[in-house]
Amino acid sequence: MHTSMARHKRLLGSAVAVTAGAAIALGGTASLAQASGPHVVDGKGAAHNDWGDEGTLSRHSHANSNATRLWQTVLYADGAKWKDGNGNRHTFKKTDIDGNFGRKTESATKWWQHNEDLEDVDGIVGKETFGVADDFLDGPRGGGHVTYSGYKHDTGFKRLSGTYYVKIDGHWKKAAYNWRG
């Protein structure tokens, strides 16, 4: 369970981001099929409201993609836990960010949903889950940098021309739903 101090820090950071970006946010958000074309994680205006209209990620939907890699980065940043076949919990590590939405990612997603007090704790990343996660985004800043304020780690993405990018092997790649690598 997260400490109340970590939650307070994270929520305070979100409140600052929301307030600072209020004027920009009036422009609204772009849907999955708009700003950057279909099949990419996208957004415009302040980052804290970018992901609430995104597609679905699960073991059966876009399971092998850079969009999954983006979500796994959130799990890593928050120190999410996944349960193995024996019921033991393990921390989601940076090396677990592989773009494959398997049992480990599903289990860590359920842990994340539970710890964020979401209504649906189903291991599926949909609008509700993405929408809560984007509350902890800040930016974009120079060069399109967007920061996710995690409980364990702050991590970064890029958002260029409305399209999100994840870092893979030292290179920025589009966070596409239908492509990995």
Side-chain angles (χ1 to χ4, degrees), residues 7 10-11 13-22 24-58 61-63 65-80 92 97 99 101 105-106 108-141 144-151 153-168 172-180:
R7 182 172 294 279
R10 192 161 130 158
L11 291 173
S14 295
V16 170
V18 168
T19 303
I24 296 170
L26 292 175
T29 60
S31 70
L32 176 62
Q34 290 176 349
S36 306
H39 308 298
V40 295
V41 177
D42 62 5
K44 69 178 186 176
H48 65 82
N49 64 353
D50 277 353
W51 295 350
D53 62 348
E54 286 301 326
T56 301
L57 300 172
S58 71
S61 180
H62 309 293
S65 68
N66 286 347
T68 292
R69 214 179 270 270
L70 178 138
W71 176 249
Q72 290 172 326
T73 302
V74 168
L75 295 175
Y76 161 74
D78 282 335
F92 202 87
I97 302 171
F101 202 113
T105 301
E106 181 181 56
T109 298
K110 287 178 181 178
W111 180 94
W112 191 94
Q113 291 168 328
H114 172 78
N115 282 288
E116 291 298 331
D117 298 322
L118 298 188
E119 186 174 326
D120 295 325
V121 178
D122 55 9
I124 297 170
V125 182
K127 292 180 187 331
E128 180 189 25
T129 301
F130 263 134
V132 170
D134 76 5
D135 289 344
F136 305 108
L137 293 174
D138 186 32
R141 291 184 185 45
H145 291 280
V146 174
T147 302
Y148 179 84
S149 297
Y151 286 112
H153 314 278
D154 288 347
T155 191
F157 303 105
K158 277 196 175 189
R159 192 184 79 192
L160 301 171
S161 300
T163 299
Y164 270 85
Y165 290 77
V166 294
K167 201 165 216 175
I168 302 169
W172 290 103
K173 306 283 185 164
K174 284 184 180 179
Y177 284 90
N178 59 354
W179 184 67
R180 184 176 80 170

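The side chain to side chain contact (heavy atoms under 4.5 Å, CB included) test with F92 singles out one residue from T109, D78, I97, T73, and that residue is I97.
A donor-acceptor contact shorter than 3.5 Å is absent between the side chain of T155 and the backbone of A77. A donor-acceptor pair under 3.5 Å is formed between the side chain of K127 and the backbone N or O of E54. Using modelled atom types, one side-chain atom of T68 and one backbone atom of H62 make a donor-acceptor pair closer than 3.5 Å. Between the side chain of E128 and the backbone N or O of E119, at least one donor-acceptor pair lies under 3.5 Å.
Two residues are said to be in side-chain contact when any heavy atoms from C-beta on lie closer than 4.5 Å; V74 and F136 fail this criterion. When side chains are defined from C-beta on, L70 counts as touching F130, because their heavy atoms get closer than 4.5 Å. Taking 4.5 Å as the limit, some side-chain heavy atom of D50 sits within range of a side-chain heavy atom of Y164. No side-chain heavy atom of Y151 sits under 4.5 Å from any side-chain heavy atom of N115.
Listed here is the closest heavy atom pair of G45 and P140: O-CD, 3.6 Å. Of all heavy-atom pairs between A67 and Y177, the closest is CB-CD2, 3.8 Å.
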Quick one: do W71 and V41 satisfy side-chain contact (heavy atoms from CB on, under 4.5 Å)? Show the steps, please.
-> CA-CA 10 Å; W71 176 249; V41 177; over 6 Å; no
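Note that CG of D42 and CZ of R159 are 9.0 Å apart. Values are rounded to the nearest 0.5 Å.
For H145, the ring-ring contact (aromatic ring centres under 6.0 Å, His included) criterion is met by no residue, not counting sequence neighbours. Taking D122 as the reference, Q113 meet the side chain to side chain donor-acceptor pair (under 3.5 Å) condition, with sequence neighbours excluded. For F157, the ring-ring contact (aromatic ring centres under 6.0 Å, His included) partners two or more places apart in sequence, or in a different chain, are W51.
A donor-acceptor contact closer than 3.5 angstrom is absent between the side chains of Y165 and N66.
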